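Working notes, beginning with the structure itself.
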Amino acid sequence: ERCEQIQKEWKNAFPLQRLSGVEASPGWVGCGLSHVKAVEEAKARGDPYVLVWEDDCIPRKRNGESGNVHVIRRMWEQVLSQLSKNLGKWDIVLGATSQVKGTPVLEPSLSSSLVSVYKLPKGFTTHWTLYNASIYDFIIAWKETKPSPIDVYMYEKARIFVTVPFMAEQRQGYSLIENENKDYSMYFNVAESSFRSYGNTILPVTMPTSAKTITSILPKGSIKLLSL
C-alpha cells in the first residue's frame, strides 16, 4: 500500500524497485539494517552508487504544494551527472536534511545550474540517500555493532553533501524511530531556509516550475525503495 502511494505521489517520474525493509526493534535498528541491505545488494552488483529512498519519501512541498516531480527529476539528473564525474569527492549525498549543524560549505564542482551542493558537517534523515561505492564497506560494517542510528553513524567518516533546493521531505505519519506520529515539514523548511545565510548559493532556495528535456542518467537498475 505504501509503495503504491509513493508511486502515485511521484507520478512514476522515477523508476523504483521495492526492497523489503528489515524488521527489528528499536525502529532505528531496523532502519539501519534496511539501508545496509540495500548497500550490500549494490556492492554485490558492482554498482558505482545506489540511490535509496525510504517509503515516506515525498516530493518537497513549498507553500503547501508538492513540487513538480519532473522538475525534481531534471534537477537530480543534473546533479547526478556532476557526481558521477567526481566520484572521488563524495561518499553520500542527501536530497534533504531536517537539521543543519555546523557551517555547510558550497562545493561548485558537484553543483549544477539548477542545484547547489553543500558539504554538510552534520544533519539528520536518510529518506533520500545516495551512497557512493567508496562508503559501502563502512555502511555495511554498521550492522556488526550498531553503535548509533545510521544517520548519526555515517557522519563519523563519510563525506556527506546535501542538495539545495531540497528534493524531498518525509510524509507526515507514524515514525518507527520515534514511536509516534510526526510531521517534519517545519524542520525541512527551517533547514532549507538556513542555507540563505551561508552565501554562494547558485540559486535562491526555490525550485523551478517546469522542466524542458529529461535525459535518464540513472545507474543500471532502479531506485531502491525501502518498504519499512
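What you are looking at is a predicted structure, and each value in this text was computed from that prediction instead of being measured. Count residues from 1 along the sequence.
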Kindly indicate whether the side chain of [X], heavy atoms from C-beta on, has any atom under 4.5 Å from the side chain of [Y].
| X | Y | result |
| --- | --- | --- |
| Trp28 | Val152 | no |
| Phe161 | Ile92 | no |
| Trp90 | Val93 | yes |
| Val117 | Val79 | yes |
| Cys57 | Trp10 | yes |
| Tyr131 | Val52 | yes |
| Leu130 | Val50 | no |
| Met75 | Pro165 | yes |

Contact list for residues 149-161, test salt bridge (charged side-chain N to carboxylate O under 4.0 Å, His left out), sequence neighbours left out: Asp91-Arg159
Without swapping roles, check the side chain of [X] against the backbone of [Y] for a donor-acceptor pair under 3.5 Å.
| X | Y | answer |
| --- | --- | --- |
| Ser84 | Ser81 | yes |
| Glu169 | Lys61 | yes |
| Arg171 | Asp55 | yes |
| Trp76 | Met167 | no |
| Asp56 | Gln170 | no |
| Arg60 | Phe166 | no |
| Thr97 | Val100 | no |
| Trp53 | Thr126 | no |
| Tyr187 | Gln99 | no |
| Thr125 | His127 | no |

Are more than 12 heavy atoms, taken from residues, nucleotides or ligands other than [X], located less than 6.0 Å from that residue's [atom1] atom?
| X | atom1 | result |
| --- | --- | --- |
| Lys43 | NZ | no |
| Glu23 | CD | no |
| Lys11 | NZ | no |

Measuring from atom [atom1] of [X] to atom [atom2] of [Y], what distance do you get when rounded to the nearest 0.5 angstrom?
| X | Y | atom1 | atom2 | result |
| --- | --- | --- | --- | --- |
| Asn12 | Arg73 | CG | CZ | 11.0 Å |
| Thr129 | Ile160 | OG1 | CD1 | 9.0 Å |
| Leu83 | Leu51 | CG | CG | 10.5 Å |
| Glu192 | Thr163 | CD | OG1 | 8.5 Å |

Side chain to side chain donor-acceptor pair (under 3.5 Å) partners for Lys89, two or more places apart: Ser109
Mind checking whether [X] and [Y] sit in one hydrophobic cluster, side chains of I, L, V, M, F, W, Y counted as touching below 4.5 Å?
| X | Y | result |
| --- | --- | --- |
| Leu106 | Leu94 | yes |
| Val162 | Val105 | no |
| Tyr155 | Phe124 | no |

Validation row, ring centre Phe195 to ring centre Tyr118 under 6.0 Å: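 That pair passes the under 6.0 Å test.
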Phe138 ring center near Tyr153 ring center (under 6.0 Å):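 Yes.
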Residue that, paired with Ser112, satisfies side-chain hydrogen bond (donor to acceptor under 3.5 Å, both in side chains) out of Arg74, Glu77, Gln78: Gln78
Residues Glu107 and Lys119 bridged, charged N to O under 4.0 Å: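 Answer for the salt bridge query: no.
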Ion pair check, Glu4 and Lys8, cut-off under 4.0 Å: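 Answer for the salt bridge query: no.
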Ser34 versus Gly21, closest heavy-atom pair with distance: OG-CA, 3.3 Å
Whether Phe14 and Trp128 hold their rings parallel, tilted or perpendicular, with breakpoints at 30° and 60°: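 It falls in the perpendicular class, over 60°.
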Parallel, tilted or perpendicular: ring planes of Phe188 versus Tyr184, cut at 30 and 60 degrees: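 Taking Tyr184 first and then Phe188, their aromatic rings stand perpendicular (interplane angle over 60°).
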Residues Arg196, Ser194; criterion side chain to side chain donor-acceptor pair (under 3.5 Å); working and verdict: CA-CA 5 Å; Arg196 298 182 190 278; Ser194 71; over 6 Å; no
